[in-house]
Amino acid sequence: MEPYFKTIDEARKGIEDGLLTPEQLFASVAGRIDEIDGELNAYLSRASFREPQKGPLYGIPGAIKDVLIVNGTTTTAGSKMLQNYTAPYTATAVERLERAGFVLTGKTNCDEFAMGASNETSAYGSVKNPWNRSMVPGGSSGGSAAAVAAGEATFALGSDTGGSIRQPAAFTGVVGMKPTYGRVSRFGLLALCSSFDTVGPLTRSVRDAAEILQIIAGLDPRDSTTLPDSVPPYVDALTQDIAGVRIGIPKEYFGEGIEDGVRDAVMSAIEELKKLGAVVKEVSLPHTPYAIAVYYVILPCEASTNLARYDGIRYGYSTHDTAKNLLEVYERTRAEGFGKEVKRRIMIGTFALSSGYYDAYYLKAQKVRTIIAEEFETVFREVDCLVAPTSPTVAFPLGAKSDDPLAMYLADALTCPVNIAGLPGISVPCGYSNDLPVGLQVIGPRLGEEIVFRVAHAYEQATEWHTHHPN
Amino acid sequence: MSICQNLGVGYTYAHMKLSKDQVSHIAKLARIGITENEGEVYSEQISVILDYIDQLNEVDTNGVSVTRQITGLQDVWRADDPAASPLREKLLEAAPAGDGATIDVKEIL
């Protein structure tokens, strides 16, 4: 097997056994990027090899989604607005990886300011799905997912606000983990929707994801929304024994909009889980159909606030030199620096927060949010975790949904409820439909990362999907 | 523009449509310059989205509390200890217009 397709665990053993040096591993990955990234466009910028620190990830090459700032690198958020922005410090999650010894391969492409489900809104071109170059890789962490799937990185970090780690992981056949909200510091993550944004790993095995999360998770005094709860050793939870684990199948996640091929693959996966001894039962989350509406009120509202800072004054793209007055600096900087989807969402948010509409939209959505979160809580009294498809469909063709914003939003239908409730969720590969990967989602209760990893790992080890790579 | 009616239980909107003028106003609030053409396109697209969002009115939220944040954390403090920022130079350098010690803006007054 090529070094660039090794998991973190395999690569580390190679380095420890003296079969591979960090430079050689990095060169293998860099060579792979040189070979195929012209087609895939997963990377926005590359980093050269730097002597890594000693730690559990010593010499392991990782890619970072370009919404996480890394000192001295250009960090664009996939936007023209930050085309020449050099980050002045490093995000906490990345700092922790650095201390653990990882080597940065580069920053990955993403939907602009993480707004999208296909990596088509990036100002730097779409990312292609390594399994089929005419299909999207999913989004918004499309670059990170494609890079991991294609061997262009041993692991990657992404961000998940409505499904942006899990859905591209599903579309590209890799593991994508969104931890409990507050589990990982958002310090250094360019904010999109502060009450949903979560940083998490994309990897080629559940074990790797557990290890990365263990390293990046934990209280951070620089992010007051991080949870004080100690971080358990997630890797130790991977016992492969799930006998007696109670798994809920939420019926609303298997309705009409789910493609047959996706449903079939997921139902087979559920049979596999039963064979492994899990106790499976149907449950109901009745307000699931309202999740997209809740999400697409709250997100634009918070995004309109978070993106107000891009005004051409302190950093980033600016029309200062040509604008006649201050208002023009603002209006033209933002007209020219932002893409259409970003502008659309900022305007929806501005509207929904404006006087006369705030109660009917934003407050209403936050109340329905409470109902959705409580529904999950109730269900988790009867079952230990939930299993469902990650996405209603497999990867779709480039351009298929880019003219229909609402159609694109519906891609998040099965992932955004998890962000709304602040819960942990993982996507693992569970087969194919039309030769494209299908993702199985495991959702846990708040701070239930261990049960999520345990169930996902047991399934993974009982199947072969995780050993497959695209050509 | 649709009319908001208080029915006692909640608010109901007739088919929510945003006119070009409303879009213009919102763009102004958001400090995003848009052309007339764009105003038309956004008006259509945003109206479709708002229409979809209107289904939230089907949900009875009487007596339901607002989730302002999902962590349940309260009053997360740190000591108010002033210290020099190591970022000052870099931050000033990042400004599109300025001399590294100050940031230039257009006339305000």
Side-chain angles (χ1 to χ4, degrees), chain A residues 85-86 88-89 181-182 195 221 224-225 227 287 289-290 292-294 296-297 304 308 311-318 320-321 323 325-332 334-335 338 343-344 346-348 350-351 354 356 359-361 363-371 373 405-406 409 421-422, chain B residues 4 10-11 13 18 22-23 25-35 38 41-42 45-46 48-73 76-78 86-87 89-98 103-108:
Chain A
Y85 174 69
T86 304
Y89 57 95
Y181 177 86
S195 71
S224 60
T225 62
L227 303 170
H287 284 80
Y290 296 104
I292 294 270
V294 167
Y296 278 102
V297 170
S304 71
D311 58 9
I313 305 293
R314 285 158 296 171
Y315 40 66
Y317 181 79
S318 177
H320 175 92
D321 291 344
N325 52 47
L326 186 62
L327 183 61
E328 224 179 272
V329 173
Y330 293 152
E331 288 186 339
R332 285 192 37 223
R334 292 160 67 78
F338 287 142
K343 286 190 269 200
R344 194 160 34 234
I346 290 175
M347 287 197 284
I348 292 171
T350 304
F351 168 74
S354 65
D359 284 7
Y361 284 98
L363 281 197
K364 179 76 180 182
Q366 294 284 38
K367 287 182 182 178
V368 181
R369 180 177 187 188
T370 302
I371 295 175
L406 191 54
Y409 295 171
Chain B
C4 159
Y11 291 92
Y13 284 86
L18 279 194
Q22 283 174 286
V23 170
H25 175 63
I26 291 164
K28 201 95 202 159
L29 290 176
R31 295 293 186 261
I32 300 176
I34 58 171
T35 64
E38 285 174 319
V41 174
Y42 283 131
Q45 292 175 336
I46 294 176
V48 167
I49 294 164
L50 290 178
D51 218 28
Y52 179 83
I53 287 168
D54 274 349
Q55 63 182 289
L56 289 181
N57 295 315
E58 294 164 15
V59 183
D60 181 5
T61 51
N62 248 322
V64 177
S65 62
V66 168
T67 296
R68 295 195 189 281
Q69 47 97 355
I70 202 92
T71 59
L73 293 170
V76 179
W77 303 110
R78 65 171 171 83
L87 298 178
E89 246 177 58
K90 285 190 196 173
L91 294 178
L92 286 169
E93 264 166 37
I103 298 177
D104 284 1
V105 298
K106 303 285 188 195
E107 261 178 35
I108 304 174

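Chain A is the first sequence line, chain B the second, and so forth, proteins listed ahead of strands; every chain is numbered from 1. Heavy-atom basis, side chains included; hydrogens, waters and symmetry copies ignored.
Contact of B:Leu73 with chain A is made through the side chain alone, with heavy-atom distances under 4.5 Å. Proximity to chain B (any heavy atom under 4.5 Å) is shown, for A:Ala308, by neither the backbone nor the side chain. Residue contact with chain B, scored on non-hydrogen atoms closer than 4.5 Å, involves the side chain of A:Pro405 exclusively. In this structure, the portions of B:Ile26 lying under 4.5 Å from any heavy atom of chain A include both its backbone and its side chain. For chain B, the nearby parts of A:Ser224 are the backbone and the side chain; heavy atoms of each come within less than 4.5 Å. Within the 4.5 angstrom heavy-atom criterion, only side-chain atoms of B:Ile108, from C-beta onward, approach chain A. Looking at B:Glu89, there are no atoms closer than 4.5 Å to chain A (heavy atoms on both sides), in backbone or side chain. Residue contact with chain B, scored on non-hydrogen atoms closer than 4.5 Å, involves the side chain of A:Val329 exclusively.
The shortest heavy-atom contact between B:Leu87 and A:Pro88 is CD2-O, 3.3 Å. Shown here for A:Pro289 and B:Gln55, the closest heavy-atom pair between the two residues is O-OE1, 3.8 Å.
To the nearest 0.5 Å, atoms CZ (B:Arg31) and OG (A:Ser304) are separated by 13.0 Å. Of the inter-residue distances, the one linking A:Met347 atom CE with B:Ile34 atom CD1 reads 5.0 Å to the nearest 0.5 angstrom. Note that the OH atom of A:Tyr296 and the OH atom of B:Tyr52 stand 10.0 Å from one another [nearest 0.5 Å].
Among B:Leu92, B:Val23, B:Val59, B:Ile103, the residue with the largest count of heavy-atom pairs under 4.5 Å with chain A is B:Val59. Taking A:Tyr330, A:Tyr290, A:Tyr181 one by one and counting their heavy-atom pairs under 4.5 Å with chain B, the maximum is reached by A:Tyr290. Counting heavy-atom pairs under 4.5 Å between each of A:Thr86, A:Leu327, A:Asp321 and chain B puts A:Leu327 at the top. Highest contact tally toward chain A, considering only B:Ile53, B:Leu29, B:Ile32, is held by B:Ile32 [criterion: heavy-atom pairs under 4.5 Å]. Each of B:Asp104, B:Ile49, B:Val76, B:Ile70 has some count of heavy-atom pairs under 4.5 Å with chain A, and the biggest count is that of B:Ile70. Comparing B:Val105, B:Leu56, B:Thr35 by heavy-atom pairs within less than 4.5 Å of chain A, the highest count is held by B:Leu56. Among B:Pro96, B:Ala94, B:Ala95, the residue making the largest number of heavy-atom pairs under 4.5 Å with chain A is B:Pro96. Contact count versus chain B (heavy atoms, under 4.5 Å) is highest, among A:Leu363, A:Val294, A:Thr350, for A:Thr350. Residue with the most contacts toward chain A among B:Gln45, B:Glu107, B:Gln69: B:Gln45 (heavy-atom pairs, distance under 4.5 Å).
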- Query: What do the steps show when you test A:Ile348 against B:Tyr42 for side-chain contact (heavy atoms from CB on, under 4.5 Å), and what is the final call?
  - Reply: CA-CA 10 Å; A:Ile348 292 171; B:Tyr42 283 131; over 6 Å; no

- Run the numbers on A:Glu328 and B:Lys106 for salt bridge (charged side-chain N to carboxylate O under 4.0 Å, His left out), then give the verdict. CA-CA 10 Å; A:Glu328 224 179 272; B:Lys106 303 285 188 195; over 6 Å; no

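When only modelled atom types and interatomic distance are considered, A:Lys364 and B:Thr61 share a side-chain donor-acceptor pair under 3.5 Å. Residues A:Gln366 and B:Arg68 have side chains that never bring a donor and an acceptor to within less than 3.5 angstrom of each other. Judged by distance alone, the side chains of B:Thr71 and A:Thr225 never bring a donor and an acceptor atom under 3.5 Å apart.
Side-chain contact between B:Leu91 and A:Arg314: absent, with no pair of heavy atoms (C-beta onward) separated by less than 4.5 Å.
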